[in-house]
Amino acid sequence: MREIFGGLPWWVKWVAVPVIALVVFGSLITAVVSIIVGLLFKVLVFVALVGGLIYVVRKFTASSSSRSDW
């Protein structure tokens, strides 16, 4: 591999090859990134809903137990 890239100019190694890789694998990279972002969003929504549920249940049980103390 070093022999192949050794005689080439720097712009081929650092510009042309990455651009070709993005053109060829661009849709795959986009799909993987969108799946990861979608999963992170769903995890954040899940955590927020569970946290809200826990908050509501604790608030409700605290208010109902304080009523029974009277």
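Heads up: numbering here begins at 1 and tracks the sequence.
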Common cluster, Val56/Val50, ILVMFWY with side-chain heavy-atom separation under 4.5 Å: no
Would you give me the side-chain donor-acceptor pairs under 3.5 Å for residues 33-43, sequence neighbours excluded?
from: Ser34; atom 1: OG; to: Thr30; atom 2: O; distance (Å): 3.2
from: Ser34; atom 1: OG; to: Ala31; atom 2: O; distance (Å): 2.8

Same cluster (ILVMFWY, side-chain, under 4.5 Å), Phe25 and Val32: yes
ILVMFWY cluster, Phe5 and Trp11 together (side-chain gap under 4.5 Å): yes
Hydrophobic cluster membership, Trp14 vs Ile20, 4.5 Å side-chain cutoff: no
Point-to-point distance, once rounded to the nearest 0.5 Å, from CG of Leu53 to CZ of Arg58: 11.0 Å
Spacing of CG belonging to Leu44 relative to CG belonging to Leu49, to within rounding of 0.5 Å: 11.0 Å
